[in-house]
Number of protein chains: 6
Amino acid sequence: MKLAEMTWPQVTALSPDVPIVIPTAALEQHGHHLPLFTDSMLVGEVTRRAEAALADKIVLTPVMWLGNSAHHLDFAGTMSAGPRTYIDLVGDMVENFLRHGFRRIVIINGHGGNNVPGQHALFEVRQRHRDEDDLLLLFAPYWALGTRPNELDASIQQQAMQHACEWETSMMLALAPHLVGDYKNTQVVDPRHACEPAMRAWTTKDRSAAGHVGDPSAATAVKGETLLAAFATDAINLLQRVVNWSGRGWN
Amino acid sequence: MKLAEMTWPQVTALSPDVPIVIPTAALEQHGHHLPLFTDSMLVGEVTRRAEAALADKIVLTPVMWLGNSAHHLDFAGTMSAGPRTYIDLVGDMVENFLRHGFRRIVIINGHGGNNVPGQHALFEVRQRHRDEDDLLLLFAPYWALGTRPNELDASIQQQAMQHACEWETSMMLALAPHLVGDYKNTQVVDPRHACEPAMRAWTTKDRSAAGHVGDPSAATAVKGETLLAAFATDAINLLQRVVNWSGRGWN
Amino acid sequence: MKLAEMTWPQVTALSPDVPIVIPTAALEQHGHHLPLFTDSMLVGEVTRRAEAALADKIVLTPVMWLGNSAHHLDFAGTMSAGPRTYIDLVGDMVENFLRHGFRRIVIINGHGGNNVPGQHALFEVRQRHRDEDDLLLLFAPYWALGTRPNELDASIQQQAMQHACEWETSMMLALAPHLVGDYKNTQVVDPRHACEPAMRAWTTKDRSAAGHVGDPSAATAVKGETLLAAFATDAINLLQRVVNWSGRGWN
Amino acid sequence: MKLAEMTWPQVTALSPDVPIVIPTAALEQHGHHLPLFTDSMLVGEVTRRAEAALADKIVLTPVMWLGNSAHHLDFAGTMSAGPRTYIDLVGDMVENFLRHGFRRIVIINGHGGNNVPGQHALFEVRQRHRDEDDLLLLFAPYWALGTRPNELDASIQQQAMQHACEWETSMMLALAPHLVGDYKNTQVVDPRHACEPAMRAWTTKDRSAAGHVGDPSAATAVKGETLLAAFATDAINLLQRVVNWSGRGWN
Amino acid sequence: MKLAEMTWPQVTALSPDVPIVIPTAALEQHGHHLPLFTDSMLVGEVTRRAEAALADKIVLTPVMWLGNSAHHLDFAGTMSAGPRTYIDLVGDMVENFLRHGFRRIVIINGHGGNNVPGQHALFEVRQRHRDEDDLLLLFAPYWALGTRPNELDASIQQQAMQHACEWETSMMLALAPHLVGDYKNTQVVDPRHACEPAMRAWTTKDRSAAGHVGDPSAATAVKGETLLAAFATDAINLLQRVVNWSGRGWN
Amino acid sequence: MKLAEMTWPQVTALSPDVPIVIPTAALEQHGHHLPLFTDSMLVGEVTRRAEAALADKIVLTPVMWLGNSAHHLDFAGTMSAGPRTYIDLVGDMVENFLRHGFRRIVIINGHGGNNVPGQHALFEVRQRHRDEDDLLLLFAPYWALGTRPNELDASIQQQAMQHACEWETSMMLALAPHLVGDYKNTQVVDPRHACEPAMRAWTTKDRSAAGHVGDPSAATAVKGETLLAAFATDAINLLQRVVNWSGRGWN
C-alpha cells in the first residue's frame with residue numbers, strides 16, 4: 001500500500017502490526033555522469049518493487065529524498081539537511097507512526113551518509129519508548145541485506161557499495177539511461193584509506209575531484225538489472241520477516 | 001530545469017542569478033475523500049507547469065513533501081516534522097543553495113501549516129547573511145499570489161484556501177480523479193472562529209471531526225483545472241519577476 | 001487587573017476562565033525621529049486602556065518589551081532576542097499561565113517582527129496541549145483587529161501599519177510628544193517590493209537608510225489619538241469576545 | 001541616559017566606552033503580602049537612582065522583568081523563562097550591545113534566581129569573544145555590592161538578602177506602600193538548611209508554604225529607604241568604577 | 001563503595017537513601033608548574049579519603065574529569081566540554097541516579113569553572129522533579145565547605161581557592177611531587193579586579209600569561225597535607241550530614 | 001605521553017602532527033558477574049599498552065568513561081550521557097585539540113553504544129572544518145581493528161564483540177580477577193535477531209534479563225591475555241600508521 005494515496009480513515013483501519021516502510025535517500029552530487037537524484041531514484045525503485053510484491057502487507061511512504069550529505073556540499077546542487085536536523089527528521093517520521101499506533105517501522109536506506117544519523121535517530125526513539133517491548137525499529141541499507149552481487153554475476157567487480165560507482169551507474173543504466181552521462185571515461189577512484197579499518201571522517205573533495213568513488217566505467221545495464229532485482233529481493237525478504245515477526249522481544 | 005536530473009557540473013555552470021524554486025508541501029490527512037499526498041501533488045503540479053513554461057530560466061527542486069503538520073497528527077497516516085525540525089529543514093535547504101552561490105531562492109508553498117515556520121526559517125537565513133544585499137529570499141503560498149478564483153468562475157464559492165475543500169477537491173478531480181473519494185456527501189465545515197481576526201492556535205480535531213474545512217461537495221473537475229491554471233500562471237508571473245529582478249536592494 | 005500588582009493568593013483566587021493578556025513589543029530603531037521604545041509604549045497604551053475598560057474581567061501582564069528584531073540590528077541601540085530565543089520566550093510565558101490553570105491567553109502584539117515567531121510559539125504550545133479542547137490561545141497584532149483608520153479620518157493616508165510611519169509617529173505625538181524628533185523632514189519610504197505579494201525576508205537597512213518605512217511627515221497628534229482610541233476599542237472588543245467565549249471547541 | 005527614550009542616531013553617537021546597564025529582575029510570587037513585581041520594582045528603583053546620579057555617563061536599558069523563576073512556579077501568577085531560555089535571553093541582550101560596539105556591559109540583577117544563569121550567559125559571551133581583551137562584562141546583584149545594612153541601622157536584623165523578607169518588604173514599604181499587604185502577621189521562615197554550606201537545589205514550596213523566606217514582620221519604611229539609598233550608592237560606585245576602568249586587561 | 005567496581009545487582013540492592021557522590025573536575029592548564037590533571041587528582045584524593053572513611057554509607061562514582069574550562073582554552077592541552085554540553089552532562093549524570101531510585105546526590109566539585117554550570121544543571125533537574133519532596137541535590141566545591149586553612153596553619157597565606165596557587169601547588173606536592181615543576185620561580189598574580197565584588201566574566205589569558213593565579217612559590221608539601229586532610233574532613237562531615245538527613249523538606 | 005601529566009607549555013612544544021588518542025568507554029551494567037567499569041578498564045588497558053609502546057610518538061588523554069548507554073539504563077548503576085549530549089561531548093573534545101593545532105585525532109573506543117554517536121560527532125567536526133585537508137579524524141573500536149581472535153586461539157568461540165561475554169569476561173579475568181563474579185553459571189544469550197542483517201534499535205532488557213549477551217562461561221584468563229595483547233597490537237599498529245600518514249588527502 002502506498003501511504004501517499006490513502007486517506008486517513010483507511011490508515012486508521014489497518015492493523016498496528018502492518019510494517020511501515022520509509023525509504024530514505026538523498027539529492028547529492030554523483031560525479032560528472034549521474035544525476036543528483038540517483039540515490040532517491042534507486043531506493044525508490046527497490047521499494048517500489050517491494051511494495052508491488054507485498055501488496056497489502058506493508059505501507060510504503062514516499063522517499064524522503066533529503067539526506068545527510070554535508071560531506072558532498074562542495075559540489076554544486078547537493079542538498080543536505082544539517083547533521084542534527086537529519087537526526088531530528090528521521091526521529092520525527094518514526095514518532096509519527098508510533099503515535100498512530102504502528103509498531104514495526106523499517107527504514108530502507110539508499111544513501112550511505114544516512115547510515116549513522118539514521119541509526120542514531122532510531123536509537124533515540126527506542127530509548128524514549130523503552131518500555132514498549134513490542135517495537136521493531138529497523139534500519140536497512142538496501143545494498144547490505146544479504147546479496148553478494150558478484151556471486152550472481154562474476155563480471156561485477158565491486159565488492160561493496162561505493163558512490164556513483166559500477167553498481168550505481170549500472171542500476172541507473174537499467175532504470176533511467178537517458179540520465180546517465182559519459183561514464184566510460186571516468187577514472188577509477190580507490191575507496192581505501194591509509195588507516196583502515198578505522199573509520200575516517202571525510203569530505204568528498206578530499207577523496208575524489210570528480211565526485212565518484214569506485215569505477216563507473218565497469219557499469220552495464222545488464223549488471224544494473226541484476227543488482228536491482230537482487231536488492232529488491234533482499235528488501236522483500238526482509239519485509240516478509242518483519243511481517244512474520246512474533247511481535248515481542250528480541251529474537 | 002529539474003535539479004533532480006542535473007549533474008553537479010551542470011549546476012556549477014549556471015548563473016548565480018538563476019532562481020532556485022523549492023516546492024514545499026505535506027503528507028497529512030485530507031478528510032475522508034482526499035489522499036494524504038494532496039498538498040504535495042497540487043504544489044507539484046503547479047510548479048511542474050511553471051518549470052515547463054520557464055524552461056532554463058529556473059531550477060526546480062523536488063517537492064519537500066514533509067511539512068509542518070503537527071496539528072493534523074490526531075488523524076492517522078499524517079506525517080510531520082516537529083515544529084522546530086521544520087524550521088531547521090527549510091533553513092538548511094536554503095543555506096545549501098547560498099553555499100552554492102545562488103542568490104534568488106523561492107519557496108512555493110503548498111501547505112498552510114508551513115507558512116509560519118517557513119517564513120521564520122527565511123527570516124533566520126536572511127539575518128545570518130545580513131550583509132549580502134543581493135539576496136532575494138521569497139516565501140510564496142501558491143494560492144495567495146494574486147488570483148481571485150471566483151472572478152474567473154463565479155460558481156467557485158470559496159474565497160480563500162481551506163483544507164480538503166472546494167478548491168483542493170476540485171484540483172484533485174482535475175489532476176487525479178481516481179484518488180478522490182466520496183466528496184459529495186461531506187458536511188460543510190465553517191472555517192471561522194469566534195475571535196477573528198485574531199489568529200488562533202489550533203489542532204484540527206477541534207475544528208473538524210472529518211478532517212476537512214470548507215465545502216468539498218461544491219467541487220468539480222472544471223473548477224479544478226481553472227484553479228490549477230490560474231495558480232500556475234501566478235507562479236510563472238512571480239518567477240518571471242524574480243528573473244527580472246534588478247539584483248540589489250528592496251524594490 | 002494588573003498582574004504586576006497582585007499577590008499570588010490573589011491570582012490563585014481567580015477563575016481559570018479569566019483571560020490573560022500579554023502585550024508583546026520591542027525596543028528597536030524607529031528612524032531618526034522616534035525613540036527606541038516606541039512599540040512598547042504604544043502597545044502599553046493600547047492595553048492600558050483595555051485594562052482600564054475591562055477592569056476585573058482580564059489580567060494584564062507587563063509589556064514584554066524585548067522582541068524579535070534581528071532585522072533592525074544594524075541600527076545602534078536595537079535590542080533583540082535571537083529568533084529561536086524569541087519563540088522560546090513567548091512559549092514559556094504562555095506555558096506559565098497554563099500551569100497556573102488559565103485557559104484563555106491573548107497576546108496583544110505591538111511589533112511586526114514578533115508576528116511570525118509569536119504565532120509559531122503559540123502553535124507549539126497548542127500541539128503540546130493538543131488534548132485540552134478548552135484552550136483559547138490568540139495572537140493579535142493591535143493594528144489589525146478590524147479598524148480601518150482612514151474610514152475614521154480621511155486625512156489618514158496610510159492603509160496598513162508600517163514602521164516609524166504616519167501611524168506610529170501620530171500616536172507618539174499624542175502619547176509622548178516630547179520624545180518625537182523632527183518628523184517633518186523625513187523622506188517617504190515606499191514599503192512595496194518587486195515580488196509582492198510573495199513574502200520577502202528582509203533586513204531593514206536594505207529598505208531604508210533612515211530606518212523608517214512610510215511617510216512620517218504626514219503625522220499629527222490628532223490622528224494619533226484617533227488611532228489609539230480605535231486600536232484600544234478593537235482590543236477591548238476582542239477581549240470581550242474572549243470573555244464571552246463558550247469555553248470549548250473552535251467556534 | 002535612558003535607552004528607551006533615545007533614537008538610534010543618538011546611540012550611534014555615543015562613545016563605545018559608555019557602560020550599558022541592563023537591570024534584570026523577575027515577576028514571581030512574593031508571599032501573601034508583596035506584589036509579583038517586587039523584584040522588578042526594586043531593581044528599577046535602584047537603577048533609576050543610579051541613572052539620575054550618573055546622567056550621561058551611562059546608558060540604562062529597561063528592566064528585563066522576566067527572570068529565571070521556575071522554582072516559584074508552584075505559586076500562581078509567577079512568570080518564568082525556562083532555565084535555558086533565560087541563559088539565551090541574557091546572552092542575546094549582551095550580544096546586542098557588543099554588535100553595536102559597546103565594550104562595558106553591566107547587569108544589575110534584582111532576583112536571586114538569575115544569578116547562576118545570568119553568570120553563565122556572561123561566561124558564554126566572554127568565551128565567544130575571547131580575543132577581545134577590552135571587554136568588561138559584569139554581573140552585579142544589587143544587594144551584594146558592599147553595603148552591610150545592619151552597620152547602617154542596627155535594627156536591621158537580616159544579614160543577607162532573602163525573599164519577600166525584612167529587606168524587600170521594607171523597601172516596598174518605602175517605594176510603594178499601597179502594594180504591601182499584611183506583613184505583620186507572617187511567620188519567620190528560616191533560610192538555612194541541613195547541609196550548608198553546600199549549595200542545595202530547591203523549589204520554593206519545599207521551603208515555605210507562604211512563599212516568603214525570612215522575617216517580613218521586621219520591616220519598616222525607614223529601613224526600606226536606608227536600604228534603597230545604600231544599594232543605589234553601591235550601584236553608583238560600581239558604575240563609576242566601570243566608567244573609570246582602564247579599558248584593557250583584568251585589573 | 002566505589003560504583004566502578006560494583007555490579008548492577010549490587011547497586012539494585014542498595015537503599016535509595018544511600019548518597020551518591022559524583023566528583024567533578026577538569027583537565028585544564030595549571031601554569032608552567034602543575035600538570036593538566038591537577039583538579040581531577042585533587043578532588044579524586046579528597047573523595048578517595050571520604051569513601052575510605054564512610055565505607056558502605058556512600059557510593060562514589062569515578063571523577064568526571066572533563067569540566068567547563070573554555071576560559072582556559074588558549075592554553076594548549078586544555079580539554080573542555082562546551083558550556084551547554086557541560087550543563088547537559090552534569091544533568092544527565094544526576095538524572096541517571098534518579099532513574100535508579102536514589103534521592104541524595106552530592107556533587108563534590110574540584111574545578112571553579114564548574115560551579116556555575118554545575119549549579120544550573122542541578123537547578124534544572126530539581127525543577128523537572130519538582131513534586132518529589134524527598135530529593136537532596138547538593139553542589140559542593142570541596143574547598144568551600146567550612147575549613148579556613150590559615151586557622152589550621154598560619155603560614156598558609158591564601159584566603160580562598162585560586163588557580164595553580166599556593167593551595168593547589170601544596171596539595172600536589174603532598175600528593176604527586178614528581179609531577180610538580182619549578183613553582184619557586186613563579187610570579188604572584190593578583191586575583192582581584194577593578195570592579196569587585198561584581199562578578200566579571202573572564203578568560204584566563206587576560207589575567208595571567210603563565211596561567212596560574214595566586215602565589216605558587218608559597219607552597220609546601222606540609223601545607224598540602226594539611227589542606228588535603230582538612231578538605232577531606234569537610235567532605236566527610238558533609239556526607240555524614242547527608243546520610244543523617246531526615247529525608248524530606250528543606251531543613 | 002600522558003596528557004594528564006603534562007603541563008601546557010609541554011603540550012605547546014609538541015608537533016601538530018603528533019596523534020592525539022582519546023579512549024572512550026562507559027560505565028554501564030555488565031551482567032551479574034562483571035563490574036560497571038569493565039569497558040573503561042579494558043580500553044584503558046589497551047591504550048595504556050599502546051602508549052607504553054609508542055612513548056613520545058603519541059599523546060594519550062584519560063579515558064572518557066561516560067558513554068552513550070541509554071539502552072542499559074534499566075539496570076541500576078548504569079551512567080549515561082544523553083544521546084545528544086554524547087555527540088556534543090565527543091565533538092567538543094575533538095574540537096579542543098583542533099583549536100590547539102593538532103591535526104590527527106584518534107578515538108579508540110571501548111563501548112559499542114558509542115560507535116554511532118561517536119562517528120556522528122566526528123562527521124560533524126569534519127564538516128565544520130571542511131576546508132582543512134590535513135585533518136585525520138579516526139574512530140576505532142579496539143575490537144575491530146584487524147585481529148580475529150579465534151585465529152590466535154581456536155578455543156576462543158566468539159566471533160565478534162558482545163557484552164559481558166566470553167571476550168570481556170576473559171580480559172577482566174586477566175586484568176582484574178578480583179572484580180569478576182560467578183561467570184561460570186551464566187546462561188548463553190544469543191546475540192542474533194530475527195531481521196538480521198538489518199540493524200535493530202534495542203534496549204538491553206529486551207535481549208537479556210541478566211544483562212550480558214554471549215557466553216561468559218567460556219571465559220579464561222589465558223584467553224583474556226591473548227585478547228588484550230592482540231587488541232593492543234592492533235591499536236599500536238593503527239597508531240603507527242597514523243604517525244606515518246602523509247599529512248594530506250585521503251590515502
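So you know, we letter chains A, B, ... as the sequences are listed, proteins then strands, and number each from 1.
- In this structure, the portions of D:Arg200 lying under 4.5 Å from any heavy atom of chain E include both its backbone and its side chain.
- For D:Asp74, the parts lying near chain E are the backbone and the side chain together; criterion is any non-hydrogen pair under 4.5 Å.
- A pairwise comparison of heavy atoms in D:Ala201 and E:Phe123 identifies CB-N, 4.2 Å as the closest pair.
- Neither the backbone nor the side chain of D:Asn109 has a heavy atom closer than 4.5 Å to any heavy atom of chain E.
- In this structure, E:His120 has no ring-ring contact (aromatic ring centres under 6.0 Å, His included) partners at least two apart in sequence or on a different chain.
- In terms of heavy atoms, E:His193 sits closest to D:Trp250 at CB-O, 3.2 Å.
- Atom CG of D:Leu122 sits about 14.0 Å away from atom CH2 of E:Trp202, to the nearest 0.5 Å.
- Taking 4.5 Å as the heavy-atom cut-off, the residues of residues 79-87 of chain E that approach chain D are E:Pro83, E:Arg84, E:Ile87, ordered by number.
- Under the rule for a side-chain contact (heavy atoms from CB on, under 4.5 Å), E:Asn251 has no partner lying at least two apart in sequence or in another chain.
- The neighbour count for D:Gln187 CD, taken as heavy atoms of other residues, nucleotides or ligands under 6.0 Å away, does not exceed 12.
- Enclosure of atom NZ in D:Lys57 is not indicated, since only 12 or fewer non-hydrogen atoms of other residues, nucleotides or ligands lie within 6.0 angstrom.
- In this structure, no portion of D:Ile107 lies under 4.5 Å from any heavy atom of chain E.
- In this structure, the portions of E:Arg207 lying under 4.5 Å from any heavy atom of chain D include both its backbone and its side chain.
- Taking chain E as the reference chain and counting heavy-atom pairs below 4.5 Å, the highest number among D:Asp190, D:Asp206, D:Leu238 is found for D:Asp206.
- Residues of residues 125-147 of chain E placed with any heavy atom under 4.5 Å of a heavy atom in chain D are listed by number as E:Arg126, E:Gln127, E:Arg130, E:Asp131, E:Asp133, E:Leu135, E:Leu136, E:Leu137, E:Leu138, E:Phe139, E:Ala140, E:Pro141, E:Ala144, E:Leu145, E:Gly146.
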